[in-house]
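Comments concern the structure below.
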There are 2 protein chains.
Amino acid sequence: MRDSADTGMAASVGPCASIPVEHMGFVRQVLDRVGDKWSMLVIAVLESGPMRYTDLQRQIPGISQRMLTRTLRQLAEDGLVSRTAYAEVPPRVEYALAPLGGELRDIVRQLIRWAADHHDEIRANRSRPDATAPSEARP
Amino acid sequence: MRDSADTGMAASVGPCASIPVEHMGFVRQVLDRVGDKWSMLVIAVLESGPMRYTDLQRQIPGISQRMLTRTLRQLAEDGLVSRTAYAEVPPRVEYALAPLGGELRDIVRQLIRWAADHHDEIRANRSRPDATAPSEARP
DNA sequence: CAGGATCCGAGGCGATACTG
DNA sequence: CAGTATCGCCTCGGATCCTG
């Protein structure tokens with residue numbers, strides 16, 4: 001294959017050149033968890049501190065109990081969030097970012113900032129006629 | 001584009017509330033595109049330079065033509081990647097990161113690094129007995 | 001070579017009802 | 001309050017065939 005020298009951004013491409021295909025597998029695995037519809041939002045909401053089940057549900061409009069429960073369970077399973085249940089009455093369960101999730105938090109925050117920064121641009125682009133149309137070429 | 005006071009701190013993200021609920025909507029929108037199974041991988045692969053359809057398919061094991069086409073179309077629609085078709089024979093179409101996608105590239109790279117760095121930790125956590133079980137409390 | 005069209009199964013996801 | 005259980009829609013996503 002051709003090399004990255006042609007784009008002039010050679011400095012960005014580090015020691016290993018983007019993604020070694022051998023890493024594709026687990027990158028997919030992790031992205032599958034972290035990149036699904038709700039996980040990032042949960043992490044993002046949790047970055048402001050520990051939160052209870054119902055509060056999470058309120059903070060994330062559109063999520064159903066099913067999905068909130070599933071997502072929290074997944075994240076807890078992966079060790080990204082911690083679950084603490086206090087044996088009181090009424091029952092209280094608090095979810096918080098685990099240290100592992102804490103590192104992700106910064107990335108998610110950047111992603112959200114990027115989204116906030118460019119979402120109008122993206123929406124504008126979506127209204128454009130083509131860029132996806134089978135139009136011509138320019139040799 | 002508006003500004004590129006990049007890699008610093010924007011006024012959008014406040015100290016306390018992390019994500020203003022009013023932003024939830026488009027965060028979901030963007031995350032839906034960027035956070036799906038394949039988009040990030042395409043962006044990641046594209047970071048090493050422009051690439052043709054078939055090369056992308058080879059670089060991303062497990063992706064089907066349908067999904068590759070769909071993903072590329074979405075990304076092009078959103079202005080994250082550019083599509084250039086050369087009217088030659090045989091036809092040649094090259095996809096590259098658009099400037100908008102270029103900013104995302106860094107974030108995706110961090111995410112991938114994070115994934116590479118912690119994937120074994122995550123897998124280890126997944127093997128743990130509970131943390132998801134409806135067990136007791138720990139006051 | 002790049003991608004459109006179609007069929008089809010798996011499961012994501014929401015709505016509702018019930019429990020401790 | 002914090003879930004679990006069940007049902008059903010509907011999209012995601014892969015396999016296959018076909019075109020320019």
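Quick note: numbers below take in every heavy atom, side chains included, and nothing from hydrogens, waters or symmetry partners. It should be emphasised that the depicted structure is a prediction, and the values quoted were computed from it without experimental measurement. To find a chain, count down the sequence lines: A is the first, B the second, and so on, and within it residues start at 1.
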With a 4.5 Å heavy-atom cut-off, do [X] and [Y] have their side chains touching?
X        : Y        : result
A/Arg70  : A/Arg73  : no
A/His118 : B/Glu103 : yes
B/Arg105 : B/Leu97  : yes
A/Asp78  : A/Leu100 : no

Closer than 4.0 Å, any side-chain N/O of [X] to the OP1 or OP2 of [N]?
X       : N     : value
B/Thr69 : C/dG3 : no
A/Arg83 : D/dG3 : yes
A/Arg92 : D/dA2 : no
A/Tyr95 : D/dG3 : yes
A/Arg73 : D/dT4 : yes

Taking the side chain of [X] as its heavy atoms from C-beta onward, which of [options] lies nearest to it?
X       : options               : result
B/Tyr53 : C/dG3, C/dG20, D/dG3  : C/dG3
A/Pro90 : D/dG14, C/dC1, D/dC1  : D/dC1
A/Val93 : D/dC1, D/dG3, D/dG14  : D/dG3
A/Ser64 : D/dC1, C/dG14, D/dG14 : C/dG14

Within this structure, what is the [atom1]-to-[atom2] distance between [X] and [N], rounded to whole angstrom?
X       : N      : atom1 : atom2 : answer
A/Met67 : D/dC10 : CE    : C1'   : 14 Å
B/Leu72 : C/dC1  : CG    : P     : 16 Å
A/Arg52 : D/dA2  : CZ    : C1'   : 9 Å
A/Arg70 : D/dG3  : CZ    : C1'   : 14 Å
A/Met51 : D/dA2  : CE    : C1'   : 16 Å
A/Leu68 : D/dC1  : CG    : P     : 14 Å
B/Gln65 : D/dC18 : CD    : P     : 14 Å
A/Gln74 : C/dC13 : CD    : C1'   : 14 Å

Keeping B/Tyr53 on the side-chain end and B/Gln65 on the backbone end, is there a donor-acceptor pair under 3.5 Å? yes

Ignoring hydrogens and angles, does a donor from either the side chain of A/Arg66 or the base of C/dT16 sit under 3.5 Å from an acceptor on the other? no

Go nucleotide by nucleotide along DNA chain C from the 5' end; which of A/Pro91 and A/Ile63 gets its closest nucleotide reached first? A/Ile63

